Novice: 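Mind having a look at this structure? Questions to follow.
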Amino acid sequence: MVEKLAPKKRKAVLGVEVDKKSYDLSRPLSTIKSPSAVEAKVPSAVEAKVPSAVEAKVPSAVEVKLLTFDDEAGKEIFWHSSAHALAQALKRLYPKIQLEDGPVVKNGPGYFFYDVLLDEKINEDAFEKIEAEIQKVVRENHPIHRKVMERKDAVQKFKAMGEDLKVGIIERLPADAEISIYEQGEFADLCRGPHVPSTGKLGVFKLTTVAGAYIGGNAENQMLQRIYAVSFPDKQMLKEHFRLLEEAKKRDHRRLGQELELFTTSEDIGPGLILWLPRGNIIKEELETWAKDTEAAHGYERVTTPIVTKEKLFYTSEHLPHYTESMFPPMQMDNENYYIKPMNCPFHHTIFGHRPRSYRELPLRLAEYGTCHRYEDSGALMGLMRVRAMQMNDAHIYSTEEQAVEEFKAVIRLHEYYYKILDIKDYHMVLSLRNPESKKYHGEDAMWKKAEALTRQAMEESGVEFIVENDGAAFYGPKMDFQIKSSIGREFTSSTCQLDLFMPMKFDLKYVDKDGSLKRPVCIHRSPLGTHERFVGFLIEHFAGAFPTWLSPEQVRILPVNEVHEAYAKNLADELRKEKIRVHVELPEESLGKRIRSAEKMKVPYMLVVGDKEVEANIINARNYFTGAQKEFSQDEFLKMIQEEIRLKKITAMVKKQQ
RNA sequence: GCUGCCUUAGCUCAGCCGGUAGAGCAUCUGCCUUGUAAGCAGAGGGUCGUCAGUUCGAUUCUGACAGGCAGCUCCA
């Protein structure tokens, strides 16, 4: 069983950091390839019993920081070594096991995992046994040694151990790579490190799940078993971790969607097909109205196009046969194949091209709430976040090449506006470029160069922070994505924009320029609110179900204390309804306490209890859900206050404790 | 699609070794006439995801399928 762990264990020194790079404690700094550290020697104090993270200066002005579990880098070392301890335990229990790789992960069902190859299926029944063996490894307190090896020696060593997968990894390493192995007791692993000084520095472990993962992340390859786990310096931290996970689950949109009666699905209808319930539909339509108004104010024009089309359209766009597997299969009518549309762009291109266009019309911004259907892999479906029928906040902007950067920048500003109103701060942006090696991308090199340069210019001039990915572009153009996180930390693309020079060419789109010459427009695909399925799913978690009043399905709930107050309550409700406030009267068929509880559970922004006092003085007593504060108003004051709150799309920070 | 796991009332979940099921909440009906998070009592509600197989007998064991969960792959 788990031995008693010293509470100070989290303060254990796990490694060192030099010039922002982490290393093992055991590794002499003189071996570290860091220009400023070459001359440095590890101060002997490093090995000493330093009780907490301190900064130690060594003579050459190199900053050496001791890492503990409180440091991000310290955590990483801790979990990385934890993965080794897991592997060591697995190897003891399953001698035939082959190890692949065991990295630290930020977002996942654990903090680290180990990928293994084993005929026998490891399932949750085995977890306890494995955990016990890991704790044994910890208790045995093996010192961890780093060893640099020649490539052929390393190959020989792992071959002898029967670790063919490791041999494969070594062989794939670049020729100049330093090959290091880490040894602890009878166990040795190919690894770059760094690691903790000994297994005794590790704490308590809990395996979380086992899943499949392809070797090298390639679906054509064999599937390994991926064993996820978490570890912490002490039991309390482990417990706290699982408590926080439970908290996060309460925000899960699938759970809140049911509790708040926002949406549902049905086996009879099909996976990934959402039924919006009246309450959820209000949220979706409020967003829609907002987006339509906003887009109208930004010069967008609305169009409507059909859900089905002849297959020719998708051959022109080259989505077929590229995406055949992700489309609902075709239906035959009049000797033609018709497809349900997976996207709106080819329709908009067709609209653009239906008559000659003048440069005077550009930029032309065609917007549509088009419902698209994609046959997503069954394993990829997830609540509202990944569905097969989706309503897109779509638009395509056709502009001259000279206008493209400005238009793209305007799209970025539009995103910033939406995100600001909704108080979305936790997101990051990605610029996805083409990998010239890959055959996935269509079009000429010059076209790609230009499209990528224009996109980058727009993003840079907008001053936004972004990371660059070198193989994530759409097949027709570079992509700018807004990435958001779900309550459990999984990442999703909330919005994607592309600057496209390819489709205008495919659809032979042109406009007449000032000088009478025919030119190709640039097309910008954009969808700031993404699909409303995913976006509402995200908002449910973002607001933990407590939607700001303007979005809330029910804005006011009136609770008459008893029958004599019903008339006043109903009259009040009528007055508010006339002003388009979403209000519901909960008649005294249940006790007041129960009705109050129910209003709270449904997270209704304003709860109005109406009793003798209110009727006599003709006033309103409103409790604000977000703050928990109760306040008296005249009917006029209340109406003005709530209308203003709705008009401003105000977000009131949650003050009261959620139950 | 792949790997593993899960599926019992509208919801959350009990149900040891095979002998046709239970709780809380919700719903309905009474009583109560309520002042800021659950008043009391009673009732209804389940072909135990579906279809096969094993068995005298399957919610329980086996298989297939469906739906869901986690991960991988994919994501116009």
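Treat the numbers as computed from the prediction; the structure is a model and nothing was measured. By convention in this document, chain letters (A, B, ...) are assigned in the order of the sequence lines, proteins followed by strands, and residues within each chain are numbered from 1. What you see below is based on every heavy atom in this structure, not just the backbone, and it leaves out hydrogens, waters and symmetry mates.
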Novice: May I ask you to say what A:Gly593 touches in the nucleic acid, namely base, sugar-phosphate or nothing, with a heavy-atom cut-off under 4.0 Å?
Specialist: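 Sugar-phosphate only.
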Novice: Output the single nucleotide from B:G35, B:A66, B:C72 whose closest atom is nearest the side chain of A:Glu267.
Specialist: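 Among B:G35, B:A66, B:C72, the one nearest the side chain of A:Glu267 is B:A66.
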Novice: Could you check whether A:Gln630 gets within reach of a base, just the sugar-phosphate, or nothing at all, counting any heavy atom under 4.0 Å?
Specialist: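 The residue A:Gln630 makes base contact.
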Novice: Should A:Arg623 be listed as having a side-chain N or O under 4.0 Å from OP1 or OP2 of B:G35?
Specialist: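 Looking at the OP1 and OP2 atoms of B:G35, neither is under 4.0 Å from any side-chain N or O of A:Arg623.
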Novice: What's the closest nucleotide to the A:Arg386 side chain, out of B:A37, B:G1, B:C75?
Specialist: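 Nearest listed nucleotide: B:C75.
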Novice: Remember a base hit wins even if backbone is also touched, and classify A:Gly217 as base, sugar-phosphate or nothing at under 4.0 Å, heavy atoms.
Specialist: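 Since only primed, P, OP1 and OP2 atoms lie under 4.0 Å of A:Gly217, the category is sugar-phosphate.
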Novice: Under 3.5 Å for both donor-acceptor distances, Watson-Crick or wobble: does B:C72 have a partner, and if so which one?
Specialist: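 Paired with B:C72, as far as the under-3.5 Å criterion goes, is B:G1.
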Novice: Rounded off to whole Å, could you give me the CG-to-P distance for the A:Leu245 and B:A70 pair?
Specialist: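 It is 12 Å, rounded to the nearest whole Å.
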Novice: Any idea which of B:A37, B:A76, B:C5 is nearest the A:Tyr476 side chain?
Specialist: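 In terms of side-chain proximity for A:Tyr476, the closest of B:A37, B:A76, B:C5 is B:A76.
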Novice: Rounding to an integer number of angstrom, what distance separates B:G49 and B:U7 when you compare their P atoms?
Specialist: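 Each nucleotide's P atom is 8 Å from the other's.
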Novice: Report which part of the nucleic acid A:Pro342 touches: base, sugar-phosphate, or nothing (heavy-atom distance under 4.0 Å, all strands).
Specialist: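 It contacts base atoms.
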Novice: Within this structure, what is the NZ-to-C1' distance between A:Lys440 and B:A76, rounded to whole angstrom?
Specialist: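 Between C1' of B:A76 and NZ of A:Lys440: 9 Å.
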Novice: Determine the contact category for A:Asn218: base if any of its heavy atoms lies under 4.0 Å from a base atom, sugar-phosphate if only primed atoms, P, OP1 or OP2 are that close, otherwise nothing.
Specialist: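 Counting heavy atoms under 4.0 Å across all strands, no contact is made by A:Asn218.
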Novice: Between atom CZ of A:Phe507 and atom CD1 of A:Ile351, what is the distance when rounded to the nearest 0.5 Å?
Specialist: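 Reported value, rounded in 0.5 Å steps: 11.5 Å.
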Novice: So does A:Tyr214 get a side-chain nitrogen or oxygen closer than 4.0 Å to the phosphate oxygens (OP1/OP2) of B:C72?
Specialist: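 Answer is no, no contact under 4.0 Å.
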Novice: Using Watson-Crick or G-U wobble geometry with both distances under 3.5 Å, which nucleotide pairs with B:G57?
Specialist: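 For B:G57, the partner nucleotide comes out as none, under the 3.5 Å rule.
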Novice: Do A:Lys341 and A:Thr371 pair up side chain to side chain, a donor and an acceptor below 3.5 Å, judged on atom types alone?
Specialist: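 Per modelled atom types, A:Lys341 and A:Thr371 side chains form no pair under 3.5 Å.
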Novice: Counting any heavy atom closer than 4.0 Å, what does A:Phe475 reach on the DNA or RNA strands: base, sugar-phosphate only, or nothing?
Specialist: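 A:Phe475: no heavy atom of the nucleic acid under 4.0 Å.
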Novice: I want to verify a distance call: between B:U36, B:A76, B:G35, whose nearest atom is closest to the A:His319 side chain?
Specialist: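 That would be B:A76.
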Novice: Write down the atom of A:Lys603, the atom of A:Ser552, and the distance for their closest heavy-atom approach.
Specialist: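 Taking every non-hydrogen atom into account, O-OG, 4.4 Å.
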Novice: Counting any heavy atom closer than 4.0 Å, what does A:Lys613 reach on the DNA or RNA strands: base, sugar-phosphate only, or nothing?
Specialist: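 The answer is base, as A:Lys613 lies within the cut-off (heavy atoms under 4.0 Å) of a base atom.
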Novice: Should the pair A:Phe475 and A:Tyr323 be assigned to parallel (<30°), tilted (30 to 60°) or perpendicular (>60°) ring geometry?
Specialist: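 Tilted: the ring planes of A:Phe475 and A:Tyr323 meet at 30° to 60°.
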Novice: Under 3.5 Å, is there any donor-acceptor pair linking the side chain of A:Arg254 to the base of B:C69?
Specialist: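 Flag unset: no donor-acceptor pair detected.
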Novice: Touch check for A:Phe113, heavy atoms < 4.0 angstrom, all strands: base, sugar-phosphate only, or nothing?
Specialist: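 Since no nucleic acid heavy atom lies under 4.0 Å of A:Phe113, the category is nothing.
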Novice: For B:A23, give the paired nucleotide (Watson-Crick: N1-N3 plus N6-O4 or O6-N4; G-U: N1-O2 and O6-N3; both under 3.5 Å), or none.
Specialist: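 B:A23 is paired with B:U12.
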Novice: Evaluate the ring planes of A:Tyr111 and A:Trp79, with Trp represented by its six-membered ring, and classify them as parallel (under 30°), tilted (30 to 60°) or perpendicular (over 60°).
Specialist: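 Taking A:Trp79 first and then A:Tyr111, their aromatic rings lie parallel (interplane angle under 30°).
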Novice: Establish whether the base of B:G1 is bridged to the side chain of A:Tyr375 by a donor-acceptor pair shorter than 3.5 Å.
Specialist: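 When only heavy-atom distances are counted, A:Tyr375 does not reach the base of B:G1 through any donor-acceptor pair under 3.5 Å.
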Novice: Using the C1' atoms only, state how far B:A14 lies from B:C56, rounded to an integer number of Å.
Specialist: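 Those two atoms are separated by 29 Å.
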Novice: Give one of base, sugar-phosphate or nothing for A:Ala380, where a contact means two heavy atoms less than 4.0 Å apart.
Specialist: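 Base, at least one base heavy atom under 4.0 Å.
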Novice: Would you say A:Glu259 has more than 12 foreign heavy atoms packed within less than 6.0 Å of its CD?
Specialist: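 Counting other residues, nucleotides and ligands, CD of A:Glu259 exceeds 12 neighbours.
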Novice: Record whether the side chain of A:Arg534 comes under 3.5 Å of the base of B:C75 through a donor-acceptor pair of N or O atoms.
Specialist: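 Looking at the base of B:C75, it does not pair with any donor or acceptor on the side chain of A:Arg534 (distance under 3.5 Å).
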Novice: With sugar-phosphate meaning primed atoms plus P, OP1 and OP2, does A:Glu261 contact a base, only sugar-phosphate, or nothing at under 4.0 Å between heavy atoms?
Specialist: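 Nothing: the residue A:Glu261, judged by heavy atoms under 4.0 Å, touches no strand.
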Novice: Of the nucleotides B:A70, B:A37, B:A76, which one has an atom closest to the side chain of A:Pro109?
Specialist: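 When the side chain of A:Pro109 is considered, B:A70 is the closest of B:A70, B:A37, B:A76.
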Novice: Under 4.0 Å between a side-chain N/O of A:Ser326 and OP1 or OP2 of B:C75, yes or no?
Specialist: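 Checking B:C75 against A:Ser326, no side-chain N or O comes under 4.0 Å of OP1 or OP2.
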Novice: For a quick check of understanding: with a heavy-atom distance under 4.0 Å over all strands, which category does A:Glu124 fall into, base, sugar-phosphate or nothing?
Specialist: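 Result for A:Glu124 = nothing.
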Novice: Is there a donor and acceptor pair, one atom on the side chain of A:Gln258 and one on the base of B:G10, closer than 3.5 Å?
Specialist: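 Answer is no: no donor-acceptor pair is held.
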Novice: Choose from B:G35, B:A26, B:A37 the nucleotide whose nearest atom is closest to any side-chain atom of A:Arg597.
Specialist: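 For A:Arg597, the side-chain atoms sit closest to B:A37.
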Novice: When you get a sec, tell me which of B:C2, B:A37, B:U73 is the closest nucleotide to the side chain of A:Ala219?
Specialist: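 Between B:C2, B:A37, B:U73, the one nearest the side chain of A:Ala219 would be B:U73.
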Novice: For atom C1', what is the distance between B:U60 and B:C17, given to the nearest Å?
Specialist: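 It works out to 10 Å between them.
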Novice: State the pairing partner of B:C65; accept Watson-Crick or G-U wobble contacts with both distances under 3.5 Å, and report none otherwise.
Specialist: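 Because both required distances fall under 3.5 Å, B:C65 counts as paired with B:G49.
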Novice: Only pairs with both distances under 3.5 Å count, Watson-Crick or wobble alike; so what is the partner of B:G42 in this structure?
Specialist: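 By the stated definition (distances under 3.5 Å), B:C28 pairs with B:G42.
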Novice: What distance, rounded to whole Å, do you find between the two C1' atoms, one in B:A23 and one in B:C5?
Specialist: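 So the two C1' atoms sit 26 Å from each other.
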Novice: Check every strand shown and say whether A:Thr265 touches a base, only sugar-phosphate, or nothing at a heavy-atom separation below 4.0 Å.
Specialist: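 A:Thr265: no heavy atom of the nucleic acid under 4.0 Å.
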Novice: Here's a test of your reading of the structure: between A:Asn107 and A:Ala473, which maps to the more 5' nucleotide of RNA chain B?
Specialist: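 The residue whose closest nucleotide sits nearer the 5' end is A:Asn107.
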Novice: Restricting to non-hydrogen atoms, name the atom on A:Ser432 and the atom on A:Asp481 that form the minimum distance, rounded to 0.1 Å.
Specialist: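 Where A:Ser432 meets A:Asp481 most closely, the heavy atoms are OG-OD2, 4.2 Å.
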Novice: I'd like to know whether A:Lys570 forms a salt bridge (Lys or Arg N to Asp or Glu O under 4.0 Å) with A:Glu566, so could you lay out the CA-CA distance, the side-chain angles of the two residues, the decisive distance to 0.1 Å, and finally the verdict.
Specialist: CA-CA 6 Å; A:Lys570 284 178 175 166; A:Glu566 272 187 42; 3.7 Å; yes
Novice: Of the candidate nucleotides B:A37, B:G4, B:A26, which contains the atom at the shortest distance from the side chain of A:Val210?
Specialist: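 For A:Val210, the side-chain atoms sit closest to B:G4.
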Novice: When rounded to the nearest Å, what value does the distance between C1' atoms of B:A43 and B:G63 take?
Specialist: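 The answer is 41 Å between these two C1' atoms.
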Novice: Look at A:Thr209 and B:A70 and indicate whether a side-chain polar atom (N or O) is within less than 4.0 Å of OP1 or OP2.
Specialist: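 A:Thr209 to B:A70 OP1/OP2: no side-chain N or O under 4.0 Å.
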Novice: Identify which nucleotide among B:G39, B:C72, B:U36 has an atom closest to any side-chain atom of A:Ser591, counting heavy atoms from C-beta outward.
Specialist: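 Output: B:G39.
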Novice: For nucleotides B:G45 and B:G57, find the distance between their C1' atoms and express it as a whole number of Å.
Specialist: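 Per the computed distance, 27 Å lies between those C1' atoms.
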Novice: Can you tell me how far C1' in B:C11 sits from the matching atom in B:G19, rounded to whole Å?
Specialist: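 My reading of the C1' atoms in B:C11 and B:G19 gives 30 Å.
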Novice: Closer than 4.0 Å, any side-chain N/O of A:Lys341 to the OP1 or OP2 of B:A76?
Specialist: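 Checking B:A76 against A:Lys341, no side-chain N or O comes under 4.0 Å of OP1 or OP2.
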Novice: Do any side-chain nitrogens or oxygens of A:Lys479 fall under 4.0 Å of OP1 or OP2 in B:A76?
Specialist: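 Checking A:Lys479 against B:A76: at least one side-chain N or O falls below 4.0 Å of OP1 or OP2.
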Novice: As a test of reading the structure: which of B:G68, B:G35, B:U3 is closest to the side chain of A:Pro271, going by heavy atoms?
Specialist: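 Comparing B:G68, B:G35, B:U3 against the side chain of A:Pro271, the answer is B:G68.
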Novice: Quick one: closest heavy-atom pair of A:Tyr228 and A:Pro109, and the distance?
Specialist: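 Reported closest heavy-atom pair: CE2-CD, 3.5 Å.
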Novice: Do the side-chain N and O atoms of A:Gln498 and A:Tyr476 include a donor-acceptor pair separated by under 3.5 angstrom?
Specialist: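 Short answer, yes.
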Novice: Using the C1' atom as the reference point in each nucleotide, state the distance between B:C72 and B:U55 in Å, no decimals.
Specialist: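 The same atom, C1', in both gives a distance of 40 Å.
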Novice: For the pair made of CD in A:Glu589 and P in B:U27, what is the distance, rounded to whole Å?
Specialist: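 So the CD-P distance, A:Glu589 to B:U27, works out to 10 Å.
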Novice: Taking atom P of B:C74 as reference, at what distance in whole Å does atom CZ of A:Arg388 sit?
Specialist: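 Taking atom P of B:C74 as the reference, CZ of A:Arg388 is at 18 Å.
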Novice: Roughly, in whole Å, what's the span from CG in A:Asp481 to C1' in B:A76?
Specialist: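 Roughly 12 Å, once rounded to whole Å.
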Novice: Pick the nucleotide of RNA chain B nearest each of A:Gln498 and A:Asn123; which residue has the one closer to the 5' end?
Specialist: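 Mapping each residue to its closest nucleotide by heavy atoms, the 5'-most match is A:Asn123.
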